[in-house]
Each structure stands twice: as structure tokens, then as C-alpha cells.
Novice: 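Got a structure for you, questions after.
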Amino acid sequence: MTVADGGTGRAGDVRQWLRGLDVFAGPLADFDPGDAPADPVGLFLDWLRAAVDAGVPDPHAMTLSTVGEDGCPDARVLILKNVDSGGWQFAAHAGSPKGRQLADRPRAALTFYWPLLGRQVRLRGTVEPAAPEESAADLLARSVPARAEVLLGRQSRHLDSAGERDRAFREALARVTSDPGAVSPEWTLYTVVPAHVEFWQADKDRLHKRLRYERPDPSGRWQRHLLWP
């Protein structure tokens with residue numbers, strides 16, 4: 001048995017093994033699109049609270065998708081910072097790969113998935129950086145170790161050794177301890193202003209319910225459309 005065979009014994013069995021895995025084990029949540037509010041923020045917060053109540057691990061985790069310098073898609077999981085009428089917020093170092101990608105192409109997609117409920121939320125839109133003082137406030141609200149990691153400013157760069165990392169982290173930690181107000185000017189709070197927000201509710205018979213809010217003009221009113229599964 002090798003890593004490549006997925007733990008099934010033979011590489012040729014992987015397809016059948018994957019088909020045998022349970023999907024939408026449930027109990028799945030109920031969703032009536034006809035009762036959905038006019039604005040997607042309220043529905044999103046209802047679904048997020050339901051995920052928290054159901055014990056979904058890391059319910060505020062989301063996949064942030066951007067476009068790389070080479071034109072290829074890039075994705076990673078981050079934590080949602082806030083959501084309101086202005087949009088969905090996350091924070092990142094402007095010098096990180098995602099920060100550079102957003103500076104070059106300020107558009108992104110967010111994906112939330114709560115498997116215990118069979119629910120998914122997808123949104124796409126433009127990305128706007130917050131004012132420096134707002135970004136600094138977000139950083140100062142983080143834990144001391146998290147702030148020290150931000151001050152390293154080396155995210156995703158090649159690392160020669162774990163020892164080098166640990167030494168740099170100790171130095172950053174000492175800096176935060178001696179100067180509690182220290183912030184990185186590159187730490188940025190971003191807001192995704194969506195043009196589309198889709199709510200997807202799984203169905204065991206694959207007749208999934210899909211409701212998409214569309215607003216091409218950020219100052220306009222949301223329109224709601226049912227989608228085929």
C-alpha cells in the first residue's frame with residue numbers, strides 16, 4: 001500500500017473508493033428560497049449562526065480565491081473577520097502572495113461550506129482595502145503570537161530551516177511585548193463587495209436548492225433568481 005493509492009490497496013481502486021464515500025449524510029437543513037430576505041447579508045448570518053449551533057468546526061472559515069500573476073487561479077482558507085451591508089471582510093499581509101494578487105487584480109471569490117448542514121455560500125466581487133487606521137485596529141485586536149507572526153513579513157517565502165524561523169519569531173515576539181502598539185503598515189483589512197451571492201442547499205436526491213442574489217451595480221438593489229441544480 002502506498003500514499004498514492006489513497007489507502008485502498010491498489011491505485012486502480014481509488015475511483016471506486018471515492019464513489020463509496022458517504023455524501024450529504026445529514027440530517028440536512030431545510031431551506032425555502034421563497035422565505036429568503038431581500039438582502040443576502042441577513043440570510044448569510046442566519047446560515048452562519050445555524051452552522052455554529054450545529055457544531056460545524058470552524059464555521060467562519062472560508063476559501064479565498066484570487067488570480068495569480070501568471071493568470072492562474074489561486075486559493076487558500078482564511079477566517080471571516082466581519083460581514084455587513086458593505087461586504088465580507090478578511091485580513092492579510094499586503095506583501096503576501098494574495099496581497100500582491102489583489103493589488104494587481106482586485107477581484108476575488110469567497111466560498112463557505114458547512115457539510116453537517118449540506119450548505120454552501122459562494123460570492124464574487126471587487127475587493128477594497130480599508131484605511132490604514134482600520135487595518136491597524138484589526139491587527140491590534142489579534143493575539144500577541146499572531147501579531148508577532150505578521151511582523152515577520154515573510155509569508156510564503158522559502159525557509160532555510162526551522163531554527164531560522166524560530167529565531168525570527170522570538171525577535172518579533174519580543175518586539176510586540178516591548179511595544180504593544182507595534183503594527184505592520186502592510187497588514188490590510190480587505191472587503192469583498194459582491195456582485196453575486198449564491199446560497200446552495202444540498203438534497204439527497206441531488207435536486208439541490210440554489211438561490212442567487214445579483215447586483216451588478218453596488219449601489220443598486222439586489223435581484224433574486226432561482227438556479228437549476
Side-chain angles (χ1 to χ4, degrees), residues 41 44-45 48 58-112 121-197 215 217-219:
V41 171
F44 175 82
L45 292 176
L48 180 57
D58 302 325
H60 54 335
M62 61 189 185
T63 300
L64 166 69
S65 301
T66 54
V67 179
E69 295 86 344
D70 55 1
C72 292
D74 202 355
R76 74 290 288 163
V77 177
L78 299 180
I79 295 297
L80 178 69
K81 291 289 187 176
N82 187 34
V83 58
D84 56 28
S85 60
W88 278 247
Q89 289 190 324
F90 65 91
H93 195 284
S96 67
K98 53 186 169 293
R100 296 195 303 271
Q101 291 165 4
L102 290 171
D104 187 39
R105 296 179 176 88
R107 301 186 66 83
L110 299 178
T111 306
F112 297 83
V121 177
R122 304 167 54 219
L123 58 102
R124 295 182 300 156
T126 57
V127 180
E128 300 176 356
E133 57 271 17
E134 195 175 348
S135 296
D138 175 83
L139 178 57
L140 292 174
R142 292 166 64 90
S143 67
V144 169
R147 288 159 54 199
E149 188 275 331
V150 169
L151 291 179
L152 293 176
R154 306 179 190 180
Q155 189 180 93
S156 300
R157 298 181 187 177
H158 290 177
L159 175 67
D160 292 332
S161 69
E164 177 189 13
R165 176 202 62 201
D166 294 345
R167 285 191 298 273
F169 181 73
R170 286 195 297 269
E171 292 173 359
L173 198 60
R175 179 183 170 190
V176 173
T177 302
S178 63
D179 183 7
V183 297
S184 168
E186 292 191 291
W187 184 254
T188 306
L189 188 64
Y190 295 96
T191 300
V192 178
V193 182
H196 303 89
V197 183
R215 186 182 63 176
D217 182 355
S219 63

Novice: Determine whether a donor-acceptor pair (N or O, by modelled atom type, separation under 3.5 Å) exists between the side chain of Arg105 and the backbone of Gly68.
Specialist: yes
Novice: How would you list, by chain and number, every residue that makes a side-chain hydrogen bond (donor to acceptor under 3.5 Å, both in side chains) with Thr66, sequence neighbours excluded?
Specialist: Arg76, Gln101
Novice: Give the minimum heavy-atom separation between Ala75 and Ser65, together with the two atoms involved.
Specialist: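 Closest pair (atom of Ala75, atom of Ser65, distance): CB-OG, 3.8 Å.
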Novice: Could you go step by step and tell me if Leu45 and Val83 meet the side-chain contact (heavy atoms from CB on, under 4.5 Å) rule?
Specialist: CA-CA 8 Å; Leu45 292 176; Val83 58; 3.4 Å; yes
Novice: In chain order, what residues pass the side-chain hydrogen bond (donor to acceptor under 3.5 Å, both in side chains) check against Trp187, with sequence neighbours excluded?
Specialist: Asp138
Novice: Could you tell me whether the side chain of Arg215 reaches within less than 4.5 Å of the side chain of Val193, counting heavy atoms only?
Specialist: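 With C-beta onward as the side chain, the pair touches.
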Novice: For the residue pair Asn82 and Phe90, establish whether any side-chain heavy-atom pair is separated by less than 4.5 Å.
Specialist: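 No; the side chains remain at least 4.5 Å from each other.
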Novice: For residues Ala172 and Leu152, report the shortest heavy-atom separation together with the two atoms involved.
Specialist: CB-CD2, 4.0 Å
Novice: Verify, without hydrogens or angle tests, whether Arg122 (side chain) and His196 (backbone) share a donor-acceptor contact under 3.5 angstrom.
Specialist: no
Novice: Counting only heavy atoms from other residues, nucleotides and ligands, does the tally under 6.0 Å from CZ of Arg100 exceed 12?
Specialist: yes
Novice: Got a donor-acceptor contact below 3.5 angstrom from the Thr188 side chain to the Tyr190 backbone?
Specialist: no
Novice: For Trp88 and Pro194, work out which heavy atoms get closest and say how close.
Specialist: CZ3-CG, 3.6 Å
Novice: With no hydrogens and no angle check, is any side-chain donor or acceptor of Ser135 less than 3.5 Å from a backbone partner on Leu189?
Specialist: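 Flag set: sc Ser135 to bb Leu189 pair under 3.5 Å.
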Novice: With rounding to the nearest 0.5 angstrom, report the CE to CG distance, Met62 to Leu80.
Specialist: 5.0 Å
Novice: Can you tell me how far OG1 of Thr111 sits from CZ of Arg124, rounded to the nearest 0.5 angstrom?
Specialist: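 It comes to 10.5 Å.
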Novice: Among Leu110, Val121, Val192, find the residue that satisfies the side-chain contact (heavy atoms from CB on, under 4.5 Å) test when tested with Val197.
Specialist: Val121
Novice: Are Leu159 and Glu164 close enough that some pair of their side-chain heavy atoms sits under 4.5 Å apart?
Specialist: yes
Novice: Are the side chains of Glu128 and Pro106 in touch, meaning some heavy atoms are under 4.5 Å apart?
Specialist: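 They are not in side-chain contact.
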Novice: Give me the atom names and distance for the closest heavy-atom approach of Leu78 to Leu64.
Specialist: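 Scanning both residues completely, I find the closest heavy atoms to be CD1-CD2, 3.5 Å.
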Novice: Are the side chains of Val67 and Asp74 in contact, using a 4.5 Å heavy-atom criterion?
Specialist: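 No. Closest side-chain heavy atoms not under 4.5 Å.
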Novice: Minimum heavy-atom separation for Lys98 and Ala92, please, with both atom names.
Specialist: CE-CB, 3.5 Å
Novice: Check step by step if side-chain contact (heavy atoms from CB on, under 4.5 Å) holds for Leu151 and Arg175.
Specialist: CA-CA 9 Å; Leu151 291 179; Arg175 179 183 170 190; 4.0 Å; yes
Novice: Minimum heavy-atom separation for Gly87 and Thr191, please, with both atom names.
Specialist: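 Result for this residue pair: CA-CG2, 3.8 Å.
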Novice: Taking the side chain as every heavy atom from C-beta outward, state whether Pro145 and Phe169 have any atom pair closer than 4.5 Å.
Specialist: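 Counting from C-beta outward, Pro145 and Phe169 do come under 4.5 Å.
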Novice: Would you compute the distance between atom OG1 of Thr177 and atom CZ of Arg147 and round it to the nearest 0.5 angstrom?
Specialist: 8.5 Å
